Amino acid sequence: MHHAVYPGSFDPVTNGHMDIIRRASKMFDHLTVAVAYNYNKPAGCFTAEERVSLLRRCTADMPNVSVDICEGLLADYVRRIGAGVVVKGLRAISDFEQEFQQALTNKKLNPDMETVFISSDVEYMYLSSSMVKQVCALGGNVSDFVPAVVKEEIIDRIQNKT
Ligand code: ADP
């Protein structure tokens, strides 16, 4: 069985992430979307549990996709759950250096795992969670950027400050 992990901050999940999830779910028997702690982005808008809950609602129609929290090293997590592949989305060349460095580090830490890069759909190349939060904070419409359930929650969190 081909089991892959798609890790990220997902603070919150965007349509760009959803596109990668949908495409990766067709490439592997099972896909685990793993909300991982990123030391470069400590303070999030949503807690890890809230991100998981949003991801579960957004992937409810995909039976071979599950959502989990990844604590500790990704390389160890992948080994622990018996997955062999890590999926990453690439938006532009600017993503590449950082992602390549991470892939090489993970390979060193867990030689059994492979990192597979999926190129972003051109429609989502510019999209990031931080851009969505910025637009929302300034009162912009985020309908085209995130799934409907995320839109409601992000407006509540950022504009209504709940
Ligand atoms: P991280 O904190 O690891 O950057 P993100 O939640 O920002 O986490 O992104 C998780 C993964 O999804 C990364 O591989 C990132 O390159 C990819 N990704 C983010 N936004 C998009 C997008 N719009 N299109 C394709 N891939 C994306």
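Both counts, for ligands and for their atoms, begin at 1 and track the order of listing. Source: prediction; values computed, not measured.
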Quiz prompt | salt_bridge(R57, E152) N-O dist < 4.0 Å | solution =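 So R57 does not pair with E152 through a salt bridge.
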Quiz item: Is D76 salt-bridged to R79, cutoff N-O under 4.0 Å?
Solution: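 Judged by the 4.0 Å cut-off on N to carboxylate O distance, D76 and R79 do form a salt bridge.
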Quiz item: Tell me, which pairs form a ring-ring contact (aromatic ring centres under 6.0 Å, His included) where one or both residues lie in residues 121-149, sequence neighbours left out?
Solution: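 For residues 121-149, and leaving out neighbouring residues, there are no ring-ring contact (aromatic ring centres under 6.0 Å, His included) pairs at all.
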Practice problem: Kindly write out the residues that satisfy side chain to side chain contact (heavy atoms under 4.5 Å, CB included) with D29, not counting sequence neighbours, or none if the list is empty. | Solution: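 If we apply the side chain to side chain contact (heavy atoms under 4.5 Å, CB included) test to D29, skipping adjacent residues, the hits are M1, H2.
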Practice problem: Please name the residue in the list K107, E97, K88 that meets the side-chain hydrogen bond (donor to acceptor under 3.5 Å, both in side chains) test with Q102. | Solution: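 Between Q102 and the candidates, side-chain hydrogen bond (donor to acceptor under 3.5 Å, both in side chains) is satisfied uniquely by K88.
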Quiz item: Exactly which residues line ligand 1, taking a heavy atom under 4.0 Å from it as the test?
Solution: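 Around ligand 1, where the cutoff is 4.0 Å for heavy atoms, the contacting residues are Y6, P7, G8, S9, F10, G16, H17, I20, N38, K41, K88, G89, R91, D95, E99, S120, Y124, L127.
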Exercise. With sequence neighbours excluded, tell me which residues meet ring pair (Phe, Tyr, Trp, His ring centres under 6.0 Å) with F96.
Key: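 Ring pair (Phe, Tyr, Trp, His ring centres under 6.0 Å) list for F96, sorted by chain: F100.
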